[in-house]
Peer 1: 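Before I ask anything, here is the structure I am working with.
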Amino acid sequence: MPGKKAAMQTIILCISGHDPSGGAGIQADIETINQLGGHAASLISCLTLQDSHGLQECRPVEADWLRRQAELLLADFPIAAVKVGALGSLAVAQATTAIIQQLRSTQPDLPVVIDPVLSAGGGGALADNSVLEHLISQLLPMASLATPNLSELERLTTISDNPDTAAASLLQQGCDALLLTGTDSPASLADNITHWLYAAPNKAQAFNCQRLPGDYHGSGCTLAAALALYLAQGLDRIAATTAALHYCWQSLAQGQPLGRGQAFPRRGPLS
Ligand code: PLP
């Protein structure tokens with residue numbers, strides 16, 4: 001309506017890889033954040049060669065390029081949260097750490113959501129051991145909320161038989177909270193999935209949802225981007241988790257197999 005001023009959009013800084021199939025990575029971040037009313041500023045960490053079946057190759061960008069682009073964005077925009085996905089190289093992971101440290105030096109409470117992506121949904125590595133080490137020692141200790149699935153949690157902690165102990169060890173290293181997504185958990189019943197929110201000193205909180213049939217590409221990116229937006233909008237951790245899981249489930253329930261492989265979440269208008 002002419003003359004009516006719209007509310008200022010919340011700006012999320014997304015650092016993530018490009019998936020040309022459009023299902024995951026930075027495109028998932030941008031579309032999710034836009035759909036929920038925010039604006040995504042995007043720093044692309046790596047280019048990938050992939051389709052809806054899986055990832056063939058990952059090429060990290062030059063870390064110096066990412067750093068210079070971050071300087072422009074940080075000087076220009078009020079960043080309300082950071083969302084980190086696939087990184088692609090140690091140099092890019094180190095640049096990401098420096099960007100978050102710079103933001104936190106003036107905004108100590110800035111929400112930082114880290115999806116510790118180690119491989120693509122359909123298979124294919126997006127992080128080598130040096131990136132894994134950097135995630136453990138530098139990035140995850142700065143996370144307001146990390147969103148590993150069970151296999152990522154096991155690789156990040158080398159604890160494979162006890163998710164509670166594994167989660168506690170990440171919290172002890174400085175990560176504020178952890179949403180363990182249960183899609184790949186053997187404990188999730190065939191028709192039900194339980195996600196667990198860990199935040200010391202509270203008991204882990206369960207979030208249950210109905211398992212959807214099919215195999216999806218970009219669900220983790222969609223969830224983490226929605227979490228970053230909701231936290232930036234001021235929702236507390238539990239409310240943000242509830243809202244982001246609801247949005248992600250709806251976008252998967254209305255998703256489609258657009259190619260010949262995994263189905264994609266729907267990010268247009270949801271009914
Ligand atoms: N980031 C990038 C760049 C990817 O290509 C992928 C998967 O293909 C992911 C993240 C992780 O995707 P998902 O949300 O399916 O775990």
Side-chain angles (χ1 to χ4, degrees), residues 12-33 35 40 42-61 66 82-89 92-93 96 113-128 131-132 135 139 143 145-156 178-185 193 195 209 211-212 214-229 244-245 247-253 255-267:
I12 312 298
L13 178 65
C14 300
I15 306 176
S16 180
H18 181 246
D19 165 16
S21 79
I26 202 83
Q27 187 170 333
D29 297 346
I30 296 168
E31 290 177 355
T32 299
I33 288 165
Q35 193 177 346
S42 53
L43 286 174
I44 296 183
S45 57
C46 57
L47 301 179
T48 67
L49 201 61
Q50 70 178 309
D51 58 16
S52 61
H53 295 286
L55 177 133
Q56 294 184 13
E57 215 177 302
C58 165
R59 294 222 174 150
V61 299
L66 187 106
V82 179
K83 186 259 161 179
V84 177
L87 293 164
S89 76
V92 167
T96 299
V113 175
I114 299 186
D115 183 11
V117 178
L118 303 178
S119 58
L126 282 161
D128 63 13
V131 175
L132 180 73
L135 269 165
L139 274 164
L145 185 56
T147 60
N149 60 27
L150 189 63
S151 65
E152 287 162 348
L153 182 65
E154 288 177 0
R155 283 193 61 199
L156 290 163
L178 201 132
L179 178 63
L180 172 63
T181 58
T183 319
D184 63 341
S185 162
I193 294 177
H195 308 291
C209 64
R211 182 182 283 278
L212 292 160
D215 193 12
Y216 295 91
H217 185 74
S219 54
C221 307
T222 304
L223 175 65
L227 281 165
L229 194 267
L245 284 170
Y247 170 77
C248 189
W249 192 91
Q250 290 295 338
S251 79
L252 295 177
Q256 287 174 337
L258 297 176
R260 295 172 197 272
Q262 292 183 305
F264 287 19
R266 183 175 186 86
R267 298 200 197 86

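Residues take their numbers from the sequence shown, with the count starting at 1. For ligands, and for the atoms within them, numbers begin at 1 and follow the listed sequence.
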Peer 1: I'd like to know if the side chain of Glu152 reaches the main chain of Asn149, judged simply by a donor and an acceptor atom lying under 3.5 Å from each other, with no hydrogens or angles considered.
Peer 2: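 Such a contact is found between Glu152 side chain and Asn149 backbone.
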Peer 1: Under a 3.5 Å distance rule, please check whether Arg211 uses its side chain to pair with a backbone N or O of Thr183 as donor and acceptor.
Peer 2: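 Side chain of Arg211 to backbone of Thr183: a pair is present.
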Peer 1: Which atom names give the shortest non-hydrogen contact between Ala226 and Ala244, and what distance separates them?
Peer 2: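 Residues Ala226 and Ala244, closest heavy atoms: CB-CB, 3.8 Å.
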Peer 1: My understanding is that only one of Leu156, Leu87, Val131, Val84 makes a side chain to side chain contact (heavy atoms under 4.5 Å, CB included) with Pro116; could you say which?
Peer 2: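 Result for side chain to side chain contact (heavy atoms under 4.5 Å, CB included) with Pro116: Leu156.
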Peer 1: What does the list of residues with a heavy atom under 4.0 Å from ligand 1 look like, ordered by chain and number?
Peer 2: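 Lining ligand 1 at under 4.0 Å, by heavy atoms, one finds Gly17, Asp19, Ala24, Gly25, Gln50, Ala86, Val117, Ala120, Gly121, Leu126, His217, Gly218, Ser219, Gly220, Cys221.
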Peer 1: Scan for salt bridge (Lys or Arg N to Asp or Glu O under 4.0 Å) pairs involving residues 46-57, sequence neighbours excluded, and state none if there are none.
Peer 2: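 Listed once each, the pairs are Glu57-Arg59.
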Peer 1: If the test is side chain to side chain contact (heavy atoms under 4.5 Å, CB included), which one of Gln256, Gln262, Arg260 qualifies with Leu258?
Peer 2: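 When Gln256, Gln262, Arg260 are each tested with Leu258, the side chain to side chain contact (heavy atoms under 4.5 Å, CB included) holds only for Gln256.
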